[in-house]
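Please read all numbers here as calculations on a predicted model, not as lab measurements. Every chain is numbered from 1, with letters handed out A, B, ... down the list of sequences.
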2 protein chains.
Amino acid sequence: MQPRKTTIHDIAIRLSLSASTVSRALNNSPRISLKTREKVRNAAAELNYKPNHLAMNLRKGKGTTIGVIVPRLNRHFFSHAISGIESVINPTNYNLMICQTNEDYETEVKGLQSFVNHRLDGIIMSIATGTKKTGHIEYVVKEGIPLVLFDRMMGKISVDQVFNDNFAGSYDMTKHLIEQGYRKIIYFSGPLHLELYTDRYNGYRKALADSSIGFENEWLFTDVLTQSRGEEVAKILIKSDNIPDAIFAASDFSALGALLVFKNAGYAIPGQIGIAGFANEPFTGLISPAMTTLEQYSEELGRSAARMLIERMEFTTGLGAPNFVVVKPKLIVRGSTLRVPAGKERNEELISETV
Amino acid sequence: MQPRKTTIHDIAIRLSLSASTVSRALNNSPRISLKTREKVRNAAAELNYKPNHLAMNLRKGKGTTIGVIVPRLNRHFFSHAISGIESVINPTNYNLMICQTNEDYETEVKGLQSFVNHRLDGIIMSIATGTKKTGHIEYVVKEGIPLVLFDRMMGKISVDQVFNDNFAGSYDMTKHLIEQGYRKIIYFSGPLHLELYTDRYNGYRKALADSSIGFENEWLFTDVLTQSRGEEVAKILIKSDNIPDAIFAASDFSALGALLVFKNAGYAIPGQIGIAGFANEPFTGLISPAMTTLEQYSEELGRSAARMLIERMEFTTGLGAPNFVVVKPKLIVRGSTLRVPAGKERNEELISETV
DNA sequence: AAAAATTGTGCAATCGATTGTACAATTTTC
DNA sequence: GAAAATTGTACAATCGATTGCACAATTTTT
């Protein structure tokens with residue numbers, strides 16, 4: 001345990017130079033002779049000098065840390081998005097500070113505030129489902145801190161955003177279900193105050209309408225995103241003897257809950273009921289029947305978000321119009337909705353690599 | 001976009017006070033009258049004052065950020081450990097900075113260095129499998145930065161550590177397999193330079209020895225941790241017609257790979273071959289047959305690590321002897337090793353809640 | 001009522017690095 | 001060889017908040 005870390009002053013004293021010369025030498029200023037620069041570098045190495053980023057950032061008025069706020073780290077979608085962000089950020093001088101909100105509004109506000117206090121240079125965030133107000137985000141934007149919103153978009157705010165074409169993905173999935181002969185298609189939605197979920201819902205409705213299938217209000221269940229909620233609703237459906245042709249869930253997890261309950265209750269999937277999710281979580285390829293879902297290209301979303309943020313931070317002067325990147329999800333058809341002749345197992349060949 | 005953020009000086013000018021008085025007032029110093037404190041607080045709120053943590057930390061010589069380094073965020077084990085850490089850290093004034101190494105040594109060194117440069121106040125880390133040297137860790141300890149090692153322990157280093165009793169977990173699992181009648185039990189290990197994996201391996205060997213089962217060298221496969229490696233090895237076993245009674249993998253993922261390959265090749269699990277993993281990843285309860293594995297209580301490990309770190313940071317003066325917390329993994333028996341009478345499906349009742 | 005104790009506030013140094021400006025030393029120019 | 005241009009380095013202010021010490025104002029003690 002060293003009593004004090006070495007500073008540029010220590011180097012300066014050692015070499016009988018001034019601190020400013022040392023600073024310039026370490027920053028390769030052309031005003032310092034090559035010989036001196038060399039000497040300073042050697043002395044710095046000998047004394048095990050490590051620059052104090054706090055002091056640097058304070059003086060420069062800017063740092064090198066980017067904050068990332070996600071609802072949950074243990075979601076395939078988000079952890080891969082973070083990998084994407086890292087792949088762009090790591091080669092730069094920036095560092096990543098990650099915070100998870102557990103889908104909670106208060107935690108989100110607190111995390112964002114902490115980022116502002118720490119004078120982070122940029123923020124990439126995905127809004128919690130519990131968030132209904134946007135004041136905290138607008139505040140950050142007003143403060144002039146570059147911000148990119150990601151996955152959970154927010155049409156009202158004028159800020160860079162990266163997200164999936166949820167409408168299109170949902171539309172494609174619904175069309176697929178219809179093609180497979182399903183008609184009465186129940187929909188498990190997330191909270192409809194999030195555009196993400198209204199878009200998905202609207203895609204579903206549009207596909208039904210385009211196929212002249214009359215939607216009925218009781219087909220919609222909101223706030224069904226978790227496995228346990230999926231199980232609950234599935235049990236309700238069974239109990240009320242109100243068995244749909246298919247269930248399309250805006251979340252793989254609630255789709256999983258439903259799938260397990262129906263399977264356990266003896267229903268043939270996809271024969272009697274088809275089940276589809278959204279996100280292509282790894283488990284969807286492992287269960288049986290393997291689940292039809294939508295791939296969201298999370299790493300690519302993360303990379304785009306990071307690229308946009310760096311663009312904002314380094315090249316854009318002032319605000320300028322917000323940019324948008326939209327990625328279309330890909331339909332992944334698996335056994336849970338594919339009505340093939342007999343009970344032919346086909347999930348193995350569709351296993352997705354998890355590691 | 002404000003031109004400049006308000007500082008305590010701005011507040012001081014506004015109230016015709018000095019910056020020091022403002023600082024003291026905001027910190028609730030008893031040397032400042034209550035009336036003044038009140039006035040200062042109001043003015044601060046009006047001017048939308050946000051303390052600059054950079055300056056604060058610089059002056060105080062310490063900050064409020066704790067760094068966490070994990071090999072992978074998208075592992076159930078680590079993301080839940082982080083949740084555990086958060087549950088302890090969030091109620092305090094500390095913030096979390098998270099970094100993932102992707103099991104790579106270089107990335108680990110770089111991340112750790114960045115933490116040191118940013119003068120983080122404490123570090124919780126889990127060593128990458130790619131890490132064979134420990135100089136970078138010893139360096140941090142010598143610098144006097146509180147550090148807690150977690151999950152991947154390192155006996156050589158004198159530092160606080162939190163980890164599973166891998167030997168006991170492995171021993172229990174092997175005993176279970178033997179009780180189920182399996183004899184020729186192949187073992188998929190991780191890299192044996194990590195104590196984590198030697199401990200698991202030794203637990204397995206001890207259990208075999210205690211049951212007087214002769215171990216043979218070709219039963220051991222090292223560096224089989226991923227799904228794809230598990231698949232590879234399983235295919236090799238099948239091709240060489242060297243079918244074991246059971247496979248015990250030090251990773252759920254390689255166990256999964258083997259399970260899928262054997263299942264696909266028409267082997268009855270657990271009838272002809274038993275398969276067990278380690279970690280209780282969520283998918284283990286979802287596949288069929290559901291997989292026997294070991295629960296590691298990751299959240300509890302995370303909480304312990306965080307508590308130990310805070311203890312170090314706030315209460316311990318100097319170094320003192322390192323503390324250890326050891327958590328015993330729990331055997332989770334499921335269909336992949338349980339030889340029940342007929343092909344009775346029993347995985348549903350053992351599904352673990354994923355959300 | 002003078003001395004002592006208490007209370008409230010300000011001054012100035014400090015944390016570690018950066019940077020505009022000034023100045024001395026050296027080299028170039030005429 | 002003196003003046004001008006160039007080069008290398010130092011001084012001091014600065015970023016924003018904290019804190020030891022000093023000092024003035026007020027209250028208490030005797």
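Side-chain nitrogen and oxygen atoms of Thr36(B) include none within less than 4.0 Å of the OP1 or OP2 phosphate oxygen of dG8(C). Between Thr21(A) and dA10(D) there is a side-chain N or O to OP1 or OP2 distance below 4.0 Å. The shortest distance between the side-chain N/O atoms of Ser20(B) and the OP1/OP2 oxygens of dG10(C) is not below 4.0 Å. In this model, the phosphate group of dG10(C) is approached by a side-chain N or O of Ser18(B) to a distance below 4.0 Å at OP1 or OP2. Distances shown here put a side-chain N or O of Ser33(B) below 4.0 Å from the OP1 or OP2 atom of dT9(C).
Between the side chain of Asp160(A) and the backbone N or O of Pro322(A), no donor-acceptor pair lies under 3.5 Å. No donor-acceptor distance shorter than 3.5 angstrom exists from the side chain of His80(A) to the backbone of Arg75(A), with no hydrogens or angles considered. Here the side chain of Asn90(B) pairs no donor or acceptor atom with the backbone of Ser87(B) at under 3.5 angstrom.
If you take NZ of Lys50(A) and P of dC15(C), they are 21 Å apart, rounded to a whole angstrom. If you measure from atom CG of Leu58(B) to atom P of dT18(D), you get 11 Å, rounded to the nearest angstrom. At whole-Å resolution of the value, OH in Tyr49(B) and C1' in dG16(D) are 8 Å apart. Straight-line distance from the NZ atom of Lys35(B) to the C1' atom of dG8(C): 11 Å, rounded to whole Å. One interatomic measurement links the two molecules: NE2 of His9(A) to P of dC15(C), which rounds to 8 Å at whole-angstrom precision. A straight line from CG of Asn52(B) to P of dT14(D) spans 17 Å, rounded to a whole angstrom. In this entry the distance linking CZ of Arg31(A) with P of dA22(C) reads 12 Å, nearest Å. If you measure from atom CG of Asn57(B) to atom C1' of dC15(D), you get 14 Å, rounded to the nearest angstrom.
Residue-level contact check: Leu17(A) touches the backbone only, with heavy atoms under 4.0 Å from sugar-phosphate atoms and none from bases. Among the heavy atoms of the strands lying under 4.0 Å from Ser16(B) are primed sugar atoms or P, OP1, OP2 only; no base atom is included.
Checked against dT18(D), dT18(C), dG10(C), the side chain of Ile8(B) finds its nearest nucleotide in dT18(D). Closest to the side chain of Ser23(B), out of dT18(C), dG8(D), dA17(D), is dA17(D).
One N or O donor and one acceptor, one from the side chain of Arg24(B) and one from the base of dG10(C), sit under 3.5 Å apart. In this model, no side-chain donor or acceptor of Arg59(B) finds a partner on the base of dT19(D) within 3.5 Å.
Glu103(B) and Thr129(B) form a side-chain donor-acceptor contact under 3.5 Å, judged by distance and modelled atom types alone.
In this structure, Pro51(A) and Ala19(B) both approach DNA chain C, and ranking their closest nucleotides by distance from the 5' end singles out Ala19(B).
A perpendicular orientation is assigned to the rings of Phe150(B) and Phe78(B), their planes being inclined by more than 60° (bins at 30° and 60°).
Arg14(B) and Glu46(B) are joined by a salt bridge, as a carboxylate oxygen and a charged side-chain nitrogen come within less than 4.0 angstrom of each other. The residues Lys133(A) and Glu108(A) are annotated as not salt-bridged, no charged nitrogen and carboxylate oxygen being separated by less than 4.0 angstrom.
Under the rule for a side chain to side chain donor-acceptor pair (under 3.5 Å), Tyr297(B) has no partner lying at least two apart in sequence or in another chain.
Comparing the end axes of the helix from dA1(C)-dT30(D) to dC30(C)-dG1(D), each fitted to five base pairs by superposing C1' atoms of four pairs onto the next four, gives an inter-axis angle of 50° (nearest 10 degrees).
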